[in-house]
There are 2 protein chains.
Amino acid sequence: MVEPKSTRQKSKTQDQHIYEEIFDAILEQRLWPGTRLKEESLGEIFGVSRTIIRRTLSRLAHERVAVFEPNRGAFVAEPDVSDARQILDARRLMELAIVERVAERASSIKDEFKKLYDLIEQEHKSSAAADKGTAIRLSGEFHLELARLSGNKPLEGFLHSLVPQTSLIIALYQAKEGSRCAIDEHSRLLDALKLGDAEEAKRLMGEHLDHIEERLALDESPGNRNLAKVFGRRTEKAGA
Amino acid sequence: MVEPKSTRQKSKTQDQHIYEEIFDAILEQRLWPGTRLKEESLGEIFGVSRTIIRRTLSRLAHERVAVFEPNRGAFVAEPDVSDARQILDARRLMELAIVERVAERASSIKDEFKKLYDLIEQEHKSSAAADKGTAIRLSGEFHLELARLSGNKPLEGFLHSLVPQTSLIIALYQAKEGSRCAIDEHSRLLDALKLGDAEEAKRLMGEHLDHIEERLALDESPGNRNLAKVFGRRTEKAGA
DNA sequence: GACTGAAAAATTGTATACAATCTGCTCATC
DNA sequence: GATGAGCAGATTGTATACAATTTTTCAGTC
């Protein structure tokens with residue numbers, strides 16, 4: 001068994017690859033909320049038939065990152081203000097629980113912290129290079145890696161759907177630009193985790209999430225940014 | 001628009017129906033962990049092509065209720081002891097958070113409690129009729145309805161995957177038979193919720209979950225019940 | 001009788017064909 | 001010029017065809 005011998009053996013990997021490509025594009029905000037995801041276009045891009053694309057889209061839809069509109073196709077989700085509040089509420093719950101579990105296991109998984117340090121370092125680099133898209137994605141990956149280290153696969157899976165959804169919320173509702181304090185926050189959080197200090201880690205994570213939410217304009221006041229939603233229309237951008 | 005005019009309009013409903021049929025069969029433990037889910041058989045049963053069945057199975061797989069084995073098909077999941085612990089941990093976290101949120105909203109959603117009372121009544125009936133399958137399913141539905149009343153769709157969706165997984169765990173690892181105290185626990189929980197007493201409701205929910213877990217034999221001692229898993233074999237029951 | 005291996009049957013995985021639906025355009029009508 | 005019916009093209013939704021893979025069957029051998 002040296003190499004996969006047929007095209008079929010790659011199937012799982014192939015699927016995963018297409019999924020991650022779209023997932024990353026959303027994290028990096030190259031794919032905007034409301035963007036249409038045309039099946040044939042995607043199929044051509046990735047060199048597969050609509051069957052495969054459809055499966056990927058249905059996975060994204062199940063994670064609420066995309067939405068199917070009957071007979072009209074799939075679109076990148078556009079969480080409204082109420083959705084956003086629920087997503088952020090759920091995310092806070094998850095992140096605190098995850099941090100708690102990582103802190104508990106800190107001593108037994110010390111070796112696995114390496115990737116977190118790597119991610120922070122990469123975050124610094126892309127921040128210095130003003131590569132905003134990459135920086136945002138890396139920040140998301142930091143949280144996903146934490147979830148993995150929680151040792152709880154269901155929690156990890158759930159956060160995996162909440163992270164890109166948060167990305168969409170930021171795309172839609174971020175009012176103030178974020179400084180790069182987020183990286184320092186990640187860094188301090190990691191220090192607390194390494195020491196197994198669950199309370200401090202939870203406090204830091206809570207503050208970190210506060211800062212993310214503070215930059216959002218989630219009030220439903222008339223001067224709202226998200227006009228498309230106010231009038232219930234579609235943004236209708238071309239899909240690749 | 002009086003009636004759906006074509007077969008296609010039913011698609012969403014059709015999908016949902018097949019999904020729920022399988023979902024319920026798992027909740028009622030008519031579908032045992034490890035059961036093979038053959039695509040063509042299911043297609044014949046529900047009168048649709050493999051395309052539709054495949055989509056349903058892929059949804060179940062995403063919710064970790066089913067598992068795809070490459071080139072071998074889908075099987076009802078068989079969570080091992082480690083999976084079980086993670087699932088129960090996640091479920092406790094979710095249920096406490098849900099109960100907290102329902103209690104908070106209690107005064108504004110008082111009308112919506114009706115379905116919970118109905119479910120408890122039905123639970124009593126099926127318990128009296130010794131209809132174990134239905135009783136188990138109704139218990140699950142009680143928790144799902146609570147999740148709905150939390151007003152948080154992501155949390156609801158996550159619990160929707162944890163409930164059938166718990167059902168599989170019980171099928172695999174339950175040692176002692178449960179008395180019907182669960183119904184009384186639901187009843188008392190609902191009373192506390194109606195009063196908006198979050199702390200008491202959380203306490204009761206915690207105890208309720210304790211009781212479920214107490215009946216499980218999750219120790220990995222040799223005298224373990226789950227021999228198939230110990231030897232890493234498939235159970236291989238016919239799929240419908 | 002147990003074991004091996006090759007052919008046959010069954011089943012999954014992917015692409016494609018076709019039907020249903022939606023979108024956009026043209027053109028007649030006012 | 002605005003409005004709306006109706007046709008043409010584009011796109012999705014489902015079934016089916018075909019290829020890859022696994023499972024079963026059944027000789028033949030020891």
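These numbers come from a predicted model, not from an experiment. Note on naming: letters A, B, ... go to the chains in the order of the sequence lines (proteins, then strands), and numbering restarts at 1 for each one.
Proximity of A:Thr51 to the phosphate of C:dT14: no side-chain N or O atom is located under 4.0 Å from OP1 or OP2. At C:dT14, none of the side-chain N or O atoms of A:Arg50 fall inside 4.0 Å of OP1 or OP2 (strictly under the cut-off). A sub-4.0 Å separation between OP1 or OP2 of D:dT12 and a side-chain N or O of A:Lys38 is absent.
Under the ring-ring contact (aromatic ring centres under 6.0 Å, His included) criterion, A:Phe23 pairs with A:Tyr19, A:His160, not counting sequence neighbours.
If you measure from atom CD of B:Glu44 to atom C1' of C:dA10, you get 13 Å, rounded to the nearest angstrom. Taking atom CD on A:Glu69 and atom P on D:dT12, their separation rounds to 12 Å, with Å as the unit. Here D:dA20 presents its P atom at 16 Å from CD of A:Gln14, a figure rounded to the nearest Å. Straight-line distance from the CD atom of A:Glu40 to the P atom of C:dA15: 13 Å, rounded to whole Å. Nucleotide C:dT12 holds its P atom 9 Å from the CZ atom of B:Phe68, rounded to whole Å. The nearest whole Å value for the distance from the CD1 atom in B:Ile18 to the P atom in D:dT14 is 10 Å. Between the CZ atom of B:Arg55 and the P atom of C:dT14 there is a distance of 16 Å, given to the nearest Å. As rounded to whole Å, 8 Å separates atom P of D:dT12 from atom CZ of A:Phe75.
The pair A:Asp24-A:Arg30 fails the salt-bridge criterion, with no side-chain N (NZ, NE, NH1 or NH2) lying under 4.0 Å from an Asp/Glu carboxylate O.
Closest to the side chain of A:Ile52, from the set D:dT12, C:dA15, C:dT12, is C:dA15. Closest to the side chain of B:Ser49, out of D:dT14, D:dT22, C:dT21, is D:dT14. In this structure, of D:dT23, D:dT11, C:dA15, it is C:dA15 that holds the atom nearest to the side chain of A:Val48.
A parallel orientation is assigned to the rings of B:Phe158 and A:Phe158, their planes being inclined by less than 30° (bins at 30° and 60°). Ring geometry, A:Phe46 versus A:His17: the interplanar angle exceeds 60°, so the pair is classed perpendicular (tilted spans 30 to 60°).
Side-chain contact annotation: A:Thr166 with A:Arg91, donor-acceptor N/O pair under 3.5 Å present.
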